[in-house]
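Before any comments, here is the structure.
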Amino acid sequence: PMEGVAMHHQGRRVSASSRAAADRICKLLRWTRKEDHLESYLCLPGWGGVNHFAARSSFLGRLESLSPLQRYRHFRSEVFEIVTIGPNFYEKSESLFSDLMEQNKGEEEMFQIIVSWSTEIISDRSMYLKELIPAQEDDLAYYCVVRIVQSPSLARLFSITVDFHGEINAEQRLAVLFSLKENLKG
């Protein structure tokens, strides 16, 4: 309908502004329903005999395609940064970037450690899944997604974001982060 033209509903006139408000409310309700459906999909039940964490599963593909807003809404995130400077991440060097001309063995080692620490690779060298508590017949699976982003300006600087799904308290999240950091320290 054209703007400003009144419509009739059950014999009554409905203004364009009322119609626009109703359309916005319907759009919000559709978005809420869609996000609730996504939340139920992200909460993996322990029944059905389906291995959602299997390589190339539709579930892992869906995790990879989440938007930043969806990750913010459905996950609790913790972020830390790491600099790879050689064979050992924390070795002392004259300058943090003195070995720029050498091959970055620390980067390869970092990815190898994350692969061995994780349960499954979602996208090699960028996204991994760690199953924290396996699904039970009467409970959900608890897991985290590890995302790695290389700094656009410093090749040896990486941001690691750990997105937790499920009712995982702060103590459990810190324990998972500590485990990952300890593995990276070597």
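As the structure is a computational prediction, the values presented were derived from the model and not from experiment.
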Subject >> Verdict with reasoning, Asp23 to Arg19, per side chain to side chain contact (heavy atoms under 4.5 Å, CB included) >> reply: CA-CA 6 Å; Asp23 287 344; Arg19 178 73 181 155; 3.6 Å; yes
**OP:** Take Ile82 and Met110 through the test side chain to side chain contact (heavy atoms under 4.5 Å, CB included) and record every step on the way to the result.
**Re:** CA-CA 9 Å; Ile82 188 167; Met110 176 188 70; 3.6 Å; yes
Original post:
Between Ser77 and Thr161, is a side chain to side chain contact (heavy atoms under 4.5 Å, CB included) present by the stated rule, with each step listed?
Top reply: CA-CA 7 Å; Ser77 299; Thr161 304; 4.1 Å; yes
**OP:** Please lay out, stage by stage, how Met127 and Val145 fare under the test side chain to side chain contact (heavy atoms under 4.5 Å, CB included).
**Re:** CA-CA 7 Å; Met127 193 175 288; Val145 176; 3.6 Å; yes
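The CG atom of Leu174 sits 8.5 Å away from the NZ atom of Lys181 when rounded to the nearest 0.5 Å. If you take CZ on Arg30 and NZ on Lys27, they are separated by 8.5 Å, rounding to the nearest 0.5 Å. The NZ atom of Lys185 sits 11.5 Å away from the CG atom of Leu180 when rounded to the nearest 0.5 Å. In this structure, CD on Gln172 lies 11.5 Å from SG on Cys144, to the nearest 0.5 angstrom.
In this structure, Phe80 places its CZ atom where more than 12 heavy-atom neighbours from other residues, nucleotides or ligands lie under 6.0 Å away. Around the CD atom of Glu167, the shell of radius 6.0 Å holds no more than 12 heavy atoms that belong to other residues, nucleotides or ligands. Crowding of Glu171 atom CD: a count of heavy atoms from other residues, nucleotides or ligands under 6.0 Å not exceeding 12. For Arg76, the CZ atom sits in a loose shell: 12 or fewer heavy atoms of surrounding residues, nucleotides or ligands are nearer than 6.0 Å.
Side-chain atoms of Lys130 do not come within 3.5 Å of backbone N or O of Val146 as any donor-acceptor pair. Listed for the Ser118 side chain is no donor-acceptor partner under 3.5 Å among the backbone atoms of Val115. Remark: side-chain polar atoms of Ser67 are paired, donor with acceptor, to backbone N or O of Gln70 under 3.5 angstrom. A donor-acceptor pair under 3.5 Å links the side-chain atoms of Ser151 to the main chain of Ser153, judged by distance alone. The backbone N or O of Ala155 sits less than 3.5 Å from a side-chain atom of Gln150, completing a donor-acceptor pair.
For the pair Leu66/Phe75, a side-chain contact is recorded, criterion being any heavy-atom separation below 4.5 Å from C-beta on. Counting heavy atoms from C-beta on, the side chains of Ile121 and Leu60 never come closer than 4.5 Å. Side-chain contact check for Ile114 versus Asn183: every heavy-atom pair is 4.5 Å or farther apart. Residues Leu157 and Glu81 form a side-chain contact, since some pair of their non-hydrogen atoms from C-beta on lies under 4.5 Å apart.
In the hydrophobic cluster analysis, where Ile, Leu, Val, Met, Phe, Trp and Tyr join through side-chain heavy atoms closer than 4.5 angstrom, Leu154 is grouped together with Val83. The cluster map of Ile, Leu, Val, Met, Phe, Trp and Tyr, joined by side-chain heavy atoms under 4.5 Å apart, puts Val149 and Val79 in different clusters.
In this structure, Tyr128 and Phe111 have tilted ring planes: the angle between them lies in the 30° to 60° band.
Between Pro134 and Glu131, the closest heavy-atom pair is CA-OE2, 3.1 Å. Heavy-atom minimum distance, Leu132 versus Ile168: CD1-CD1, 3.4 Å. Nearest approach of Ile122 to Glu64, heavy atoms of both residues: CG2-CB, 3.7 Å.
Asp163 and Arg147 are joined by a salt bridge, as a carboxylate oxygen and a charged side-chain nitrogen come within less than 4.0 angstrom of each other. In summary, Glu107 and Arg156 do not engage in a salt bridge, as defined by a charged side-chain N under 4.0 Å from a carboxylate O.
Looking at residues two or more places apart in sequence or on another chain, you find no ring-ring contact (aromatic ring centres under 6.0 Å, His included) involving Tyr142.
Side-chain rings of Phe59 and Tyr143 approach one another, their centers coming within less than 6.0 Å.
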